[in-house]
S.K.: 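Here's a structure for you.
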Amino acid sequence: MRALLEVRDIRKAYGAIRAVDGVSFSVAPGEILGVIGPNGSGKTTMFNAILGQVKPDAGEVMFEGRDVSGIGALALARRGIGRTFQSLQVFGGLSVRDNLIVAGQEFVGSAGSRLFARPDAGMGQRADEIIELFRIGHVAHLAAGSLSYGQQKLVDIAMAFMARPRLVLLDEPCAGVNPALIDELMDLLRRLNREQGASFVVIEHNMDFVMRLCSRVICLAMGTMLAQGLPEEMQGNRAVLEAYLGV
Amino acid sequence: MTDFLQLVIAGMATGGCYALAALGFTLLWQASGTVNFALGEMVMLPAFLMLFFINVVGLALPLAFVAAVGVALVVMGWGFKVAIVDPLIRHGVIPLVIATLGLSIAMKQTVKGVATAQVRTFPSIFSDTLLNVGGVHVSVGDIGTVVVACALVAGLQAFLGRTLTGRAMQAVAQNRDAAVVLGINVERMVLYAFLINALLAAVAALLITPVYLAKFDMGDTLGLKAFYAAIIGGFNNSRGALLGGLLVGVMENLVGAYVSSGYKEGVALALFMVVIVFRPQGLLGTVVERKV
Amino acid sequence: MKYLRWVALLAVSVALYFAPGQMKSYGLYITTLWVVYWIAGVGLNLTVGYAGQISLGQGAFLGIGAYTAAVLSKAGVSYLAIFPTAALVCFAIGLLLGFPALRVQHHYLAFATLGFNMLVFLFLRNEEWLTGGTFGLNNIPRPVIFDVRFTRPLDFYHLSFVVLVVMGGVMAWLLRSPWGRAFAALRDNPIRAESVGINTTFYTLMAFAIGAAYGGVAGALFAPLVQFVEPAPFSVANSLSMLLMVIAGGSGRFFGPAVGAVIVVLLPEWLRVAQDWYLAIFGVLIVLMMVWLPGGLLSLPDRLRGRRA
């Protein structure tokens, strides 16, 4: 089967520091790929380089068989790639429901048609579905900036799914989330994967979460790919262990 | 050719004064993120303070300068920081822009109220003789101004780069949180930046007022030119402010003489536009990447 | 509750429409000026308050609108054509002004727009063939629309007020449309906005262009109000007042510019009892108000509520 996302030899250096030094991997349709690695191993930089938030020095990114290298964050979003950021990134001044609507509205019609569209841009129903799915109905009308960290995190993740993306890159979805909610989050991602056919790439430090959610895992260290394989293979991998323990 | 050289030297003198004000502006920005719209008035006020000490109190110019610096340090240095910047800085740049705008109106109109709108002459610290160097007439005042401005910039650079306090100030400018962790008294370093800004403004007043003459609204154009000089030269670099100031001063004189006097005031702007399009970090500045 | 708001809005509008009926000509002039500034402020509030950009160039757009109206009306063009022309000219120039905003932000953008204002001012002062230079253009006729003359001060006030209501209505509708949400997203977090498909380039340019168009319409009222245009009112100082108006009123609040225009246009008039000192007092008041209420006057209720809680 053709890969959904294929990244070939992507590189990004900051001065003498080679943050991402030639990483290649692919994501099959329907797959949930985990990305692990110690702090500073280049995971987030790799995301940013793939998604056009920073300009990679070299490398190719193919999405659904087409070369999307360097087309920029906006165009990638339009092609069907969603993402969340490591730090919180919601629109604090808008209500939760408006956060969701705004995350989906630009995918339908043209700017001109949206000017004359209904205030909810026809996304109200979809937003309500997502609100229900994420169980954030009780805060839907509050300003996103006024919510607790964990709630904002959920809104942040929910936004990435508004436009029915075929691939979502999640940067540490569990960080700062109440441990009691982590299982719920995992169920949610599984359902989105199953019911909406979305594939994921997930950066995460919570190993239990990665091992249970992901179908395949890659491990980065010092900007290069150290190992890849099934979750259970990673657990016994000496190199991975050493990278984490810094031996 | 002699005309040309005379224009360049006179331009450098004006530019040197722009540079001093520009330097104060960048220092405040680096230390505390303050965009100070009362910059021009902070040059105007010491000029009038000096006139007050000379004409009313009867001091000689050097003593009047010292007295004006004293007042400037307290009012425009410490007072400005404590009364306006400290309470507003956490609300972002814009409320502070508006507050300094209000401050600029208040300073200007208060001086107008006290000293009327009359234009006043101002004594120069330099003699008004003209030197003849190979057929080029150069005023001692212009040369002196350039020398003083350059010396001050060099001195400030040495202070920032060589002394412990100066390095601590730079650390605060570059990374406030890290500076706190290193045990630097951040508030004190920020205060120093404000004091240096006040001192630079007072020196700029001493140098430029004999040429520009003292008037309550003399800060309007001066402030603007200094802003542009700061950005043209590079916001995070003190030599940049000097380069920007000199460039603006010289180009203005040349454009005014050879191109169009009507658009002389547009020179700083044109340079600024070219710089932000092709080199947004300024001629000597370094790039700061946008955070994701 | 919602109906109550509409009733209140209607009542205030009717009151504002009829209130100046008994005013003397100077009072009427100032009140009309307040309306004109309000319109310009509504536009700037979009650029600054809703879309999160900084513009110190709104005075220039007021000027471009005013000179457009002056030149065209003296050439005998109807005001029915002048208002849209002024809006379109400013929209186009505003679009150009938006480009620096794509490259630079914060204080850089402030000075880029301020520099643009300076450029416009120099153009108005130096290009005598078109603008009359420092002498300006005088004898600007007041509008005649569909044979109705808006020559008398009160009639002209009514015309200005109607223009305000129309422009305000258009803005309210724009802000309620999906565009309004996209502007807010751009303001709150441009990087996140791109990642959810919002074309930040497009919306940044639109925020400037639409804001500028409002400045143009305000200018097209300013010229026949004063019946004389010269470069001075469109200087950098006026752009600073415009920004002051939006921030001091309450940036990103729909009626912020109305309150802001009171501060910028009416407050100095009320302070005139202090004679020579009135502008000095004005400046001090601005400083005090910002220190006490950085969110603008309309944030006062929130502030008081916050204290009690």
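All figures in this text were calculated on a predicted structure; none of them were measured in a lab.
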S.K.: Verify the neighbour count for atom CE of B:Met251: are there more than 12 heavy atoms of other residues, nucleotides or ligands below 6.0 Å?
M.R.: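 Result for CE/B:Met251: open.
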S.K.: I'd like to check C:Leu114 versus B:Phe37 (side-chain heavy atoms, cut-off strictly below 4.5 Å). Are they in contact?
M.R.: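 With C-beta onward as the side chain, the pair touches.
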S.K.: Mind checking the CG-NZ spacing from C:Asn126 to B:Lys264? Nearest 0.5 Å is all I need.
M.R.: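 So the gap between those two atoms works out to 13.0 Å.
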S.K.: Let me know if C:Leu122 has heavy atoms under 4.5 Å from chain B in its side chain, its backbone, both or neither.
M.R.: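 Contact with chain B: backbone and side chain both.
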S.K.: With rounding to the nearest 0.5 angstrom, report the CE to CZ distance, C:Met118 to B:Phe272.
M.R.: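 These two atoms lie 10.5 Å from each other.
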S.K.: Tell me, yes or no, whether the heavy-atom count around B:Arg120 atom CZ, taken from other residues, nucleotides or ligands under 6.0 Å, exceeds 12.
M.R.: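 Yes.
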S.K.: Heavy-atom cut-off 4.5 Å, strictly under: side chain, backbone, both or neither for C:Phe123 against chain B?
M.R.: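 Contact with chain B involves both backbone and side-chain atoms of C:Phe123.
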S.K.: Using non-hydrogen atoms only, which part of B:Val111 is less than 4.5 Å away from chain C: side chain, backbone, both, or neither?
M.R.: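 Neither the backbone nor the side chain of B:Val111 comes within 4.5 Å of chain C.
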S.K.: Is B:Ala83 in contact with chain C via its backbone, its side chain, both, or neither, using a 4.5 Å heavy-atom distance?
M.R.: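 Just the backbone, heavy atoms under 4.5 Å.
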S.K.: For B:Pro95 and C:Pro294, which heavy atoms make the closest approach, and how far apart are they?
M.R.: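 Shortest heavy-atom separation between B:Pro95 and C:Pro294 comes out as CG-O, 3.9 Å.
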S.K.: Evaluate the side-chain proximity of C:Ile247 to B:Val97: yes if any heavy-atom separation is below 4.5 Å, no if none is.
M.R.: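 With C-beta onward as the side chain, the pair stays apart.
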S.K.: At a heavy-atom distance under 4.5 Å, which candidate from B:Ile98, B:Ile105, B:Leu224, B:Thr100 has the highest pair count against chain C?
M.R.: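 Most heavy-atom pairs within the cutoff with chain C belong to B:Ile98.
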S.K.: Are C:Ile286 and B:Leu101 packed together at the side-chain level, in the sense that at least one heavy-atom pair is separated by less than 4.5 angstrom?
M.R.: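 They are not in side-chain contact.
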S.K.: Count the heavy atoms belonging to other residues, nucleotides or ligands that lie under 6.0 Å from OH of B:Tyr258, then report whether that count exceeds 12.
M.R.: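 More than 12 within 6.0 Å, yes.
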S.K.: Examine whether an atom of C:Leu109 lies under 4.5 Å from a heavy atom of chain B, and if so say whether it belongs to the side chain, the backbone or both; otherwise answer neither.
M.R.: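 Neither part, no heavy atoms under 4.5 Å.
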S.K.: Please classify the contact between B:Phe216 and chain C as side chain, backbone, both or neither, with a heavy-atom cut-off of under 4.5 Å.
M.R.: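 Answer is neither: B:Phe216 stays 4.5 Å or more from chain C.
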S.K.: So which atom in C:Ala280 and which in B:Gln109 form the shortest heavy-atom distance, rounded to 0.1 Å?
M.R.: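 Smallest interatomic distance, heavy atoms only, reads N-CB, 3.3 Å.
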S.K.: Begin with the C-alpha distance, continue with both residues' side-chain angles, and end with the deciding distance and a verdict on side-chain contact (heavy atoms from CB on, under 4.5 Å) for B:Leu269 and C:Leu119.
M.R.: CA-CA 8 Å; B:Leu269 170 65; C:Leu119 195 72; 3.6 Å; yes
S.K.: Check each atom of C:Phe111 against the heavy atoms of chain B and say whether the ones under 4.5 Å are side chain, backbone, both or neither.
M.R.: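 For C:Phe111, heavy atoms of backbone and side chain both lie under 4.5 Å from chain B.
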S.K.: Please classify the contact of B:Leu103 with chain C as side chain, backbone, both or neither, using a heavy-atom distance under 4.5 Å.
M.R.: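 Answer is both: backbone and side chain atoms of B:Leu103 are under 4.5 Å from chain C.
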S.K.: Among C:Leu279, C:Val287, C:Leu244, C:Leu243, which residue has the highest count of heavy-atom pairs closer than 4.5 Å to chain B?
M.R.: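 Of the candidates given, the most pairs with chain B belong to C:Leu279.
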S.K.: Taking all heavy atoms of B:Met273 and all of C:Phe116, pick out the closest pair and write down the distance.
M.R.: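 Smallest heavy-atom distance, with atoms named: CE-N, 4.2 Å.
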S.K.: With a 4.5 angstrom heavy-atom cut-off, which part of C:Arg125 approaches chain B: side chain, backbone, both or neither?
M.R.: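 Side chain only.
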